[in-house]
Amino acid sequence: MSTHTKKILNGYHVVFLAQSAMIGSGILTLPRELSSVGYSQTFLPILFGVFASLTLWPMVWLNLKYPNENLFRINEILLGKGLGKILNVLIILQFTLFIAGIINKYMHLIQSTALPEQTITKPVLLFLLLLIYIVNGGIKSIARFCMLTFFLTIGIFYFTYWAVQKGDFSHLFPLFNFNGKELFEAMGKGYLAVLGYGAIMFYFPYIVDQKKAFKHVLTGIWISISLCFITVLISVMYFSEWQLKHIEFSILNLLKSGELSFVERFDIIGVTLWVFLILTTVAVYLWSAKEGIVSLFSKEKKYYIYVLTAIVFLIVRIPFPQEFQDKFFTTVNYIAYFLIVWPSFLSIIYLLRKKQVQP
Amino acid sequence: MNKKILLFTTLIGLTFLVGCSRAEHKVPLEEIGLAGIMAFDYIDENKVQLSVAIPQHSPGAKASTQVFSVPTELLSKGIVDIEALSDKKILFNQLRVVLINEEFARKGRVERMIQHLYRNPEPGNKVLIAIVKGSSEELINADYPNKPDINYYINDLLLPTINTAFNPNTNIHDFIYTATNPVFDPLLPIIEKKDDKLEITGVALFKNNNMFETLTPEEAFIIQDLIGKKKLAPLSVELNQGHGKESLMLERVKSRVKMKSNKNIKSPKLTISLFYKGTLVEYTGERENDLHSPESLSKLEKDINKQVEEEVKKTLNKLKELKVDPIGLSENFRMYYDGKWTKEMTEENISKLEVDIQVKTSIISTGTLD
């Protein structure tokens, strides 16, 4: 199989890997996360895009210094074997929990809309089996799946036009009537929706044209950012501020706003199609976590993926109290921010220890 | 070797664990009752009479609709009670209409009930809401000899049509949107049973989550016009501008509304311009025989402008007195206001509002006869 030859990802693969890893469960609730700034949230996705582009730069810069290593190896090189390994274990753990969080959130949505009278054990199992299948194919198969997913699901956005017809354009008028604290809260909660581009640090060694990787990932980021922007824009037009704050899954309600002559409840179709978007995001993370274990034990074994998936399943299915679950996953999510700023920190270490750590 | 052990353990596991699986009870389609109408009647402060109408599809059924009715405090408790009465599992995926009787609308907790439906993922967002004069339970139980099924009848009645252009067609989303948006007050159509048919007789105006005042269809028509509804209903005008009593009908081709505020909430001023473009379909009155020249038509246009201006002004003055804003006129001020807008500000704004109305009518033809 092609997984063992190193350089396998072309430009398109990179674009869609970056794009799909970003669009997952976060965008479903994005307008609510941003609701502390009210109608002014429209411009926030653009701000996120600028942030993402800025933080991407040190990632690619660092990777270009070690074109054949991923972040796990770079950690070991720059921080020393012991410290690097401890950190890698933490990253793997964080990814596993992060995956569980995403699946948990999506299954919660599915349970309350499409399958109100069933437990979610079976859907989660089927989801994880499919996930294992995709990830077993290696990063190239994930990238291809991402491309497929993008074109399968992009159509959903067309069906938000009902909401545009009903919406009020005057809500978009920029007022900036919020204070710093509200902005900070919105940024903190909302930025989660655009995480995921950081995975470049793990599949970078597989990219054929590494010089152009920055440009490709940037394209992916801005595709995702524009999707987030459209979602937020339409939500702001369609909802009142109270609704923005209280509706959990705004996309669901946007899709609910109209009907086709032959499909009455488009929201159910939309939500179930969304599983593809969740699959791509989770697949990228799972693959990255697997790479982490490979670097930890310095050898490749097939069962790593199965073990990781089993852990994810247990976390999703263990009946923690809801309150604990919410707190737990929120904390895990915030740790994800660490990965965004970590490369900048590593870059500084690289500059300080330049002589000792030549690859 | 390894694989054999794995297979073996799996098989043994499966054999013995089979007994642990529990058959999930799923309701077959024949045992589902899809509710079409839900109605609320006021009993007292805490209690409400909940009625649910379920269309019957079995060919053997004599009546086309089955109606259940229970008194309840909680909406979901009422639904459980109704399920106990019914032979079927009741689902709300096909809910089309929510009826609220006038007393409940005036005194009850309407917003809580609608919010419950809005929270529930089962009903779509397109469920229409209407106020019923009298008892809504009686209304759905009544006999309508010309109509096969009350479920479809009320739904069709409430759907947008040209002839009931004054109907705000409020659905669940619209109600929640206007109730929670500080610059709006909700509007709901009122239906009434007259002999053996139903009629939309007016529009109910809400304020602070309760019904507050009724508007006539004419007033409601002007409000819909100012909201800028895209649907072009024919405009009927009773002229009274120095030529005796005249009446005419204008079939509109294009209509547009533009609002411009002075952005000052201390002394709010709003300029509303209305453009109508249409065909003069019918006219009776003094000038019947000399409407052939462009000059006489432009004179008529001016008279129509004046008349419509007066009517719009009258309606707006009424809203001003009531301190309600179903049109969302205050949105023109909110969008320039740097701060949080509240319901009180809307009230204050509308009571102080000065409105300048400019109507521009243009008659593009008078039909094919000269």
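So you know, we letter chains A, B, ... as the sequences are listed, proteins then strands, and number each from 1.
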Checklist entry - Which pair of non-hydrogen atoms, one from Asn93(B) and one from Arg265(A), has the smallest distance, and what is that distance? => result O-NH1, 4.3 Å
Next on the checklist: Can you tell me if Lys166(A) has over 12 outside heavy atoms packed within less than 6.0 Å of its NZ?
Outcome noted: yes
Item to check | ring pair (Phe, Tyr, Trp, His ring centres under 6.0 Å) involving Phe169(A) - partner list, sequence neighbours excluded | outcome: none
Checklist entry - Got a second to check how far Ile247(A)'s CD1 is from Ile176(B)'s CD1, nearest 0.5 Å? => result 8.5 Å
Checklist entry - Between Asn181(B) and His171(A), does a side-chain contact (heavy atoms from CB on, under 4.5 Å) hold up when you go through it step by step? => result CA-CA 11 Å; Asn181(B) 196 335; His171(A) 294 174; 3.9 Å; yes
Checklist entry - Nearest heavy-atom pair of Tyr336(B) and Phe173(A): which atoms, and what distance? => result CE2-CZ, 3.3 Å
Next on the checklist: Using the rule side chain to side chain contact (heavy atoms under 4.5 Å, CB included), only one of His246(A), Gln243(A), Lys245(A) pairs with Thr180(B); which is it?
Outcome noted: Gln243(A)
Next on the checklist: Under a 4.5 Å cutoff for heavy-atom pairs, which residue among Arg119(B), Arg334(B), Gln94(B) has the most contacts with chain A?
Outcome noted: Arg334(B)
Next on the checklist: Surrounding CZ of Arg317(A) (heavy atoms of other residues, nucleotides or ligands, distance under 6.0 Å), is the total greater than 12?
Outcome noted: yes
Checklist entry - For Met335(B) and Tyr39(A), what are the C-alpha separation, side-chain angles and deciding distance, and is it a side-chain contact (heavy atoms from CB on, under 4.5 Å)? => result CA-CA 10 Å; Met335(B) 59 190 277; Tyr39(A) 286 149; over 6 Å; no
Checklist entry - Under 6.0 Å from the CD atom of Glu348(B), do we count more than 12 heavy atoms belonging to anything else shown? => result no
Item to check | Least distance between heavy atoms, Lys256(A) atom then Asn120(B) atom | outcome: NZ-O, 4.0 Å
Next on the checklist: Between Thr113(A), Leu172(A), Asn253(A), who has the most heavy-atom pairs with chain B when the cutoff is under 4.5 Å?
Outcome noted: Asn253(A)
Next on the checklist: Less than 4.5 Å to any heavy atom of chain B: does that hold for the side chain of Ser257(A), its backbone, both, or neither?
Outcome noted: backbone
Checklist outcome for this item: ring pair (Phe, Tyr, Trp, His ring centres under 6.0 Å) filter on Tyr303(A), not counting sequence neighbours, yields none
Checklist entry - For Lys207(B), does the NZ atom sit with more than 12 other heavy atoms under 6.0 Å from it, leaving out its own atoms? => result yes
Next on the checklist: Donor-acceptor pair, distance only, cut-off 3.5 Å: does the side chain of Asn177(A) make one with the backbone of Gly339(B)?
Outcome noted: yes
Next on the checklist: A quick test of your reading: do over 12 heavy atoms of other residues, nucleotides or ligands sit less than 6.0 Å from NZ of Lys77(B)?
Outcome noted: no
Item to check | For Pro121(B) against Ser112(A), the heavy-atom pair lying closest together | outcome: CG-O, 2.7 Å
Checklist entry - Is it the side chain or the backbone of Glu122(B) that comes within 4.5 Å of chain A heavy atoms, both, or neither? => result backbone
Item to check | Nearest atoms (heavy-atom pairs only) where Met237(A) meets Tyr177(B) | outcome: O-OH, 4.5 Å
Next on the checklist: I need the minimum non-hydrogen distance between Asp338(B) and Phe176(A), along with the two atoms involved.
Outcome noted: OD1-O, 4.1 Å
